[in-house]
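So the structure is just underneath, and the comments pick up after that.
A quick note: this is a predicted structure, and the numbers were derived from the prediction, not measured. Reminder, nothing fancy here: chain letters follow the sequence lines and each chain counts from 1.
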Amino acid sequence: MSMSVLCADALIPSRFLTLIAHLTITVVILSARDEVVTASLPYDYEEDDNYQSRKSFEILIGLSLAIGLLAIELTGFIFGLSMFMPAASVLSIGCHASAAIALSYALFDSWDSSLYWAVFALCSVPPGLVEMINAVNILVLKRV
Amino acid sequence: MTSSSLMFEVLMYLNSYYFGAFAVCELLMTVFKMINLPYPNRNIVLELMVIILLCCIEYARIFLGRKGNLTQKVGPIVMSLFLTVPSFLSVVYLLLWQTYVLRLEVILCYIELVMECLESVLGVVCIGSFYKYNDF
């Protein structure tokens, strides 16, 4: 079986599904933001609305950035920029699958919000960056 | 002259996999609700029926849409567009009128609805281009 057939058969659907899984769990956490804020309060916390709204805003920014990167990647993927690139697909599948698993753990075990940034840096940024470099290569520099 | 729509094929292909995952998630969530929440008997039967019917309709819709697009025939695509209506309504049922709606379900249903809308628009575009380039 040639490489491109293998890629079309297995990598494309699994990449799409892992992207959607990451998107879904991100939106779930976004809509359950209050629980995350409660979970990431310090032990010696005293009633302070300012602190809570700052935390809530921080989580909002992090998750919105993650959704933005996902949107860029989904667009590049569906319009075929990186659909037939096995290396980019494998990177993307690995990162997004681990992100989806890590984020569902985060929600169930009520992780601190600083850990979300670690997940963001490790699992959202690399495939998004690769996708953007890819898009610049193809659309601007006309290299394939 | 080929006038099949690549975007339509890509979306249908991805939707066939997405729907598989969607159906499995829906069934598992229904089982979860059955175990954990008090349910009137009639509702559970109704909801399971809706999910099973949705699977059948969606299978036929995607099959007909892809075949019609690849063979450049208008008939199957029109059938597929007709089948979009019950499919859309069943997803809306799962989204709004179910006994219990989970947060995860809301998001999954919205994604499915967005894909169906895009596919119906592209299906109409596809029929237009068949009429333009081929003499039926």
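The nearest pair of heavy atoms linking Leu65(A) to Phe120(A) is CB-CZ, 3.7 Å.
Only the side chain of Ile107(B) comes within less than 4.5 Å of a heavy atom in chain A; its backbone stays farther off. The contact between Ile111(B) and chain A is made entirely by side chain atoms (from C-beta outward), counting heavy-atom distances below 4.5 Å. With a 4.5 angstrom heavy-atom cutoff, Ala21(A) does not touch chain B via any of its atoms. Contacts of Ile78(A) with chain B are made by both backbone and side-chain atoms, with heavy-atom separations under 4.5 Å.
Distance OG/Ser53(A) to CG/Leu60(A): 12.0 Å, rounded to 0.5 Å. Rounding to the nearest 0.5 Å places CG of Leu103(A) at 7.0 Å from OH of Tyr116(A).
When each of Leu6(B), Val10(B), Leu14(B) is scored by its heavy-atom pairs under 4.5 Å with chain A, the top score falls to Leu14(B).
Within 6.0 Å of the OH atom in Tyr59(B), the count of heavy atoms belonging to other residues, nucleotides or ligands does not exceed 12. A 6.0 Å sphere centred on OH of Tyr93(B) holds more than 12 heavy atoms belonging to other residues, nucleotides or ligands.
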